[in-house]
Amino acid sequence: MNLISLTTFDLALASVLILLLALLSFRMQLGISRTLLIAALRTTAQLALIGLVLKYLFDNVNLLYISIICIIMLLVAGYEVMSRQQRRFLGGWGYGVGTLSMFISSFSITLIALHVIIGNDPWYQPQYAIPLLGMMLGNTMNGIALGLDRLSNGAWQQKSIIEARLMLGHSWHQAIAQLRHESMRVGMIPMINAMAAAGIVSLPGMMTGQILAGAPPMEAVKYQILIMFLVTAGTGFGTLAAVWLGAKRLFDDRERLRLDRLSSKE
Amino acid sequence: MAFLKIQDLQSNGIGPINLELNKGECLCLSGPSGAGKSLLLRAIADMDLNQGEVTLEDKPRITFSPSQWRQYIGLLTAESQWWHEQVGDHFPKPDLETLQALGFGPDVLQWKIARCSTGERQRLALARLLANQPQILLLDEPTASLDPESVTRVEKLISQLRQQQQISVLWVSHDPEQIKRVSDRQLIIQAGKLQVAA
């Protein structure tokens, strides 16, 4: 492998581009220069931090430390899902639905991939476990956030129709079926698009990274296909679980539509 | 023995409401808008959180499954809702006789919902509800958007159902003439409380 190491100076050069963009948007009064700079700083700080953490983890392979990192990743992803909802479930459900669904799908699929497909020794080798879980969580998070957002907004907008179906004696399953399909579709579209466009429109990020790092293209391709499949399955199962749980929570035991369980629009 | 019995029903600020409805009886309910007429019907159909006791032939509402209860107690809202494109898709087992009684031929099943007038939708919604063979009808201004001919059709159909199948009806109406024509009894709801009409 021939990896060209980047110096701080190289990164500083790249950051000049961001500074130029910020300056331009300031002059044009686009009002995003502040947000842009803060985001750039966050990226730098967060990535530098995780770099240090990963370095430590790689040097000291310890299941407990790895688990702690994984749990933190999950909790932050859960928070992201919640904060992207315009109407979220009140109480513990607002955080719980997304986080639980992500936990079920991302963790189990990462475990399967590590044990069965990659077959490392020990299976929790952080070099594989953490990036894998990270990619799972990152994509599943998007799917679940989109799916839940459509579900709760849709329930609000289609209240009259859902209730009309209940009044005709339909079960809550039937009353929300159309909306549930829709939410599922919305959650899955980004992954399906990504798979369809992969390699033609763009080289996926992970594969690009491996190739830049000097891996043979065919190896990078195999890993990318593996990741695509895992991530899509994870997003699918996660969105399915979240939309199912969310839909169930919208009704009570007497099958009444309970929009009072959602917060008002943010 | 009352067929439908409502005791201390409270929901969304209305009530407590006590009401009895006999088999085949038609009870008209009127009152200013915002008084809680629609809320009362929704509470009986168990669509909103509510307290109190509702029984059908002495069987408490809780012993019915929600969908079973809502099929027995057919609630027709003032504004009808449709979710498929075609009329026929809303009728799994179309009853052509009922449709005919409401002024529709069999071709109505091929009609597009988007092209139906408000009045046509209102009558179709009644036909759709009757397909469940409810034992009690809760009608929220069922003839508000209908022409006089259709009003007569609806009133005639309901009175037939009362005579032939002993269906009980709770009818929200603002039209004093209609109330005289269809009801055995009249109640007025004011600020969430029931009063006997003077």
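Labels below follow one simple rule: chain letters A, B, ... track the order of the sequence lines, proteins then strands, and each chain is numbered from 1.
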Part of [X] within contact of chain A (heavy atom distance under 4.5 Å):
X	value
B:R61	both
B:L76	neither
B:N132	side chain

Please indicate whether [X] has more than 12 foreign heavy atoms, meaning atoms of other residues, nucleotides or ligands, lying under 6.0 Å from its [atom1].
X	atom1	value
B:Q7	CD	yes
B:R185	CZ	yes
B:Q100	CD	no
A:H173	NE2	yes
B:Q86	CD	yes
A:Q46	CD	yes
A:Y95	OH	yes
B:E85	CD	no

Checklist entry - So which heavy atom on B:W83 is nearest to which on A:L168, and how close? => result CH2-CD1, 3.7 Å
Checklist entry - Can you name the nearest heavy-atom pair linking A:G169 to B:S67, along with the distance? => result O-CB, 3.0 Å
Checklist entry - Side chain, backbone, both or neither: which part of A:D252 has an atom under 4.5 Å from a heavy atom of chain B? => result side chain
Checklist outcome for this item: The interface call for A:Q178 against chain B, heavy-atom contacts under 4.5 Å, is side chain
Checklist entry - Passes side chain to side chain contact (heavy atoms under 4.5 Å, CB included), A:R256 versus B:N50? Steps please. => result CA-CA 11 Å; A:R256 291 179 279 236; B:N50 60 80; 3.7 Å; yes
Checklist outcome for this item: Ranked by heavy-atom pairs below 4.5 Å to chain A, first place among B:E79, B:R42, B:Q68 goes to B:R42
Nearest 0.5 Å please: distance from the [atom1] atom of [X] over to the [atom2] atom of [Y].
X	Y	atom1	atom2	answer
A:R254	B:L49	CZ	CG	12.0 Å
B:H90	A:R165	NE2	CZ	7.5 Å
B:D48	A:R258	CG	CZ	9.5 Å
B:L75	A:L166	CG	CG	11.0 Å
B:Q71	A:H170	CD	NE2	8.0 Å

Checklist entry - By side chain to side chain contact (heavy atoms under 4.5 Å, CB included), which residues pair with A:L132, not counting sequence neighbours? => result A:T110, A:A113, A:L114, A:I118, A:I227, A:L230
Item to check | Non-hydrogen side-chain atoms of A:E255 and B:R70 separated by less than 4.5 Å | outcome: yes
